[in-house]
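Values reported hereafter were calculated over all heavy atoms of this structure, with side chains retained and with hydrogens, waters and symmetry mates removed. Quick note: residue numbers are just sequence positions, from 1. Remember, it's 1-based here, ligands and their atoms both numbered in the order they're listed.
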Amino acid sequence: MPRNRTVLVIDDEPSMLRYMRTLLELDSFDVETASNGAEGISRIEKGPVPDLVFLDLLMPGMDGLEALDRMRKIRSDLKVVIISCVSDTAKVVQAIRSGAQDYLTKPFEKHQLDHVLERCIEPESGKTELVCEVEDLDGGGFFLAATVAMKKIRSEVGLVANVDIPVLILGESGTGKEIIARLIHQTSGRKTRPFMKVNCAALPADLLESELFGYDSGAFTGANKAKPGKFELCNKGTLLLDEIGEMPPHLQAKLLHVLQDGEFSRLGSRASIKVDVRVLAATNIDVQKSIENKTFREDLYYRLNAFTLNVPPLRERREEIPQLLRHMMSRMSEDYGRSPLPMTPKFIEACSQAPWPGNVRELGNFMKRYLILADENLAIAELAKQLETESPKSPAKAAAAAAGADTSDLKTMVRGLKDGAEMEAITRTLIQTGWNRKRAAEILNISYKAMLNKVRQYGIKPPRSSALHFADKDAS
Ligand SMILES: Nc1ncnc2c1ncn2[C@@H]1O[C@H](COP(=O)(O)OP(=O)(O)OP(=O)(O)O)[C@@H](O)[C@H]1O
Ligand SMILES: [Mg+2]
């Protein structure tokens, strides 16, 4: 007989303990209770460790935050869900940063408790069907979360949305950092105000500075008229600083100043301007490495990472792929005015196995092609090719794979050969410039943005030693 899972509830209100006991026992949990922090801690010391702890934040004597710290010192793997009131949001953020798994806001109903249990406790074997949460985004698109990791991110988005602190969103290219930023904005009290994005990798330093902070007339040759920057235009709203890891050092200092004091001055002006902008930052590079290499200011990092969201790559949440496919198909077919295409188990399986180095973006592009070409076999063949060329992804292999394709598919073959040659030239130039993508773009006479896109498209990776530092870029 499998054992029942144990839940410990720590709360000073007897009515709350009774309520939790009733709800949890309905789901066959073994429920233990403690009416203060000290009692809860001694229960953890005694063991065995419960599968989950619900911990009230506000209790007389030792409060929830202290109890959390002490319990996690005893058992660092302890899973704790904070129970709080709406007004405690800032403290809940602190608790999540100190290792709490999730939170519940009083008063809550059974379905809200169920969502938390679903996110925090491994499903019993046989009950693995994922229930997905989908939300429409203002301005188009949608956000889907089906795995525990993504539902946790959604729950954290809800938490940080209304606390005006910067959020650092980390993850590989195409994992959904921007849509998470949009979700934070539209869940927050700023939702009727502007949401803007500045890509720090797509502009040279001086242009980036005027884009962010604006300029006064006469600030530089050609500046005939004053122009406000994004910080002014976005007042009371949310500004996403994308590819923050690429921001030049002198601008990092200026940004730090705005984050600290909410003040800055336009280029060519001494007058200081006060703004109220919520800053979100995203990057796909390893910021710790950049700090070590002194290309990223440590003090700015600590300002920005008041809260960090780590978005996992798609290959680490493959269980989500079938749901993403279904939702993409129904929305894209509507957008393109086409009937949805069937998706056979074979098709879904092939998609679930593919490596998707470009993550959800790549999956979306693949679905667009499938919808237009409407040929399941071709789509599956494309995925097989992706697997074949994945490791090592050599241009010769890509070309050979394309050349070996059915000769009736001349277009595919020619495209494969062209791509192979292009990829070889880019890889060679990157090696030659020590992975300086700006220099490589100049040598090949393409824009920096095009270079970043090609590197991503072909999945060109730097040598292992520098792999983290030079992770894929995108200058969309
Ligand atoms: N959870 C998700 N649900 C639905 N669509 C998603 C999800 N995650 C990503 N996408 C889609 O994938 C594409 C890429 O997402 P997004 O632009 O947010 O990625 P990113 O992490 O910012 O990438 P980059 O680092 O390259 O800028 C978008 O079309 C987005 O709608
Ligand atoms: Mg992005």
Side-chain angles (χ1 to χ4, degrees), residues 130-157 167-187 195-203 238-247 280-287 308-332 335-336 351 356-369 371 437 448-460 470-476:
L130 296 179
V131 183
C132 74
E133 297 169 15
V134 185
E135 272 158 283
D136 287 317
L137 295 172
D138 297 342
F142 67 100
F143 174 80
L144 181 146
T147 50
V148 167
M150 289 307 286
K151 285 181 180 172
K152 184 157 189 276
I153 287 185
R154 177 61 191 92
S155 143
E156 290 176 351
V157 162
V167 177
L168 184 61
I169 310 169
L170 303 177
E172 287 179 15
S173 183
T175 46
K177 297 184 294 298
E178 183 173 338
I179 60 165
I180 289 171
R182 289 183 183 277
L183 200 60
I184 292 177
H185 174 72
Q186 81 177 49
T187 314
F195 172 91
M196 291 181 184
K197 171 182 119 166
V198 175
N199 190 321
C200 304
L203 297 171
T238 309
L239 181 61
L240 168 62
L241 299 176
D242 209 0
E243 312 276 11
I244 187 85
E246 304 284 333
M247 186 178 261
L280 306 175
T283 182
N284 51 20
I285 68 160
D286 182 340
V287 193
T308 303
L309 293 171
N310 281 297
V311 194
L314 191 56
R315 63 183 173 280
E316 285 175 18
R317 45 179 161 119
R318 294 182 183 281
E319 314 89 287
E320 220 153 52
I321 291 176
Q323 318 254 30
L324 278 167
L325 292 175
R326 267 179 231 122
H327 281 269
M328 283 174 171
M329 176 56 84
S330 84
R331 282 161 195 257
M332 285 176 182
D335 290 349
Y336 296 146
C351 291
W356 303 118
N359 295 296
V360 191
R361 178 182 293 113
E362 192 182 6
L363 184 74
N365 290 339
F366 167 81
M367 283 301 277
K368 272 181 217 157
R369 280 198 299 279
L371 194 63
R437 287 158 299 175
Y448 181 52
K449 192 170 162 175
M451 169 61 82
L452 299 183
N453 283 334
K454 299 262 177 219
V455 168
R456 200 188 59 230
Q457 178 193 339
Y458 295 128
I460 305 174
F470 296 111
D472 284 357
K473 299 258 110 301
D474 167 37
S476 58

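Closest of all the heavy-atom pairs between Phe142 and Val134 is CD1-CG1, 3.7 Å.
Relative orientation of the Trp356 and Phe366 rings is perpendicular, given thresholds of 30° and 60° on the angle between their planes.
A search for ring pair (Phe, Tyr, Trp, His ring centres under 6.0 Å) contacts involving Phe143 returns nothing, not counting sequence neighbours. In terms of the side chain to side chain donor-acceptor pair (under 3.5 Å) criterion, residue partners of Arg369 (sequence neighbours excluded) are, by chain and number, Glu382.
With ligand atoms numbered from 1 in the order given, ligand 1 contributes 23 (O), 24 (P), 25 (O), 26 (O) to contacts under 4.0 Å with heavy atoms of Ser173. Residue-ligand proximity, Asn284 to ligand 1, at heavy-atom distances under 4.0 Å covers atoms 25 (O). Listed by number with element, the atoms of ligand 1 under 4.0 angstrom from any heavy atom of Phe143 are 1 (N), 3 (N).
Not close to ligand 1: Gly171, with no non-hydrogen atom less than 4.0 angstrom away.
Two residues are said to be in side-chain contact when any heavy atoms from C-beta on lie closer than 4.5 Å; Glu178 and Leu137 fail this criterion. Looking at heavy atoms from C-beta onward, Arg317 lies in side-chain contact with Val311 at the 4.5 angstrom threshold. Contact annotation: the side chain of Glu156 never approaches that of Ile180 to less than 4.5 Å [non-hydrogen atoms, C-beta and beyond].
Checked against a 3.5 angstrom limit, the closest N/O atoms of Gly174 and ligand 1 fall inside it. Below 3.5 Å of separation, one finds an N or O of Glu178 facing an N or O of ligand 1. Considering both main-chain and side-chain atoms, Leu144 comes within under 3.5 Å of ligand 1 through a nitrogen or oxygen pair. For ligand 1, none of its N or O atoms has an N or O atom of Leu324 under 3.5 Å away. Checking only distances, Lys177 does come within under 3.5 Å of ligand 1, N or O to N or O.
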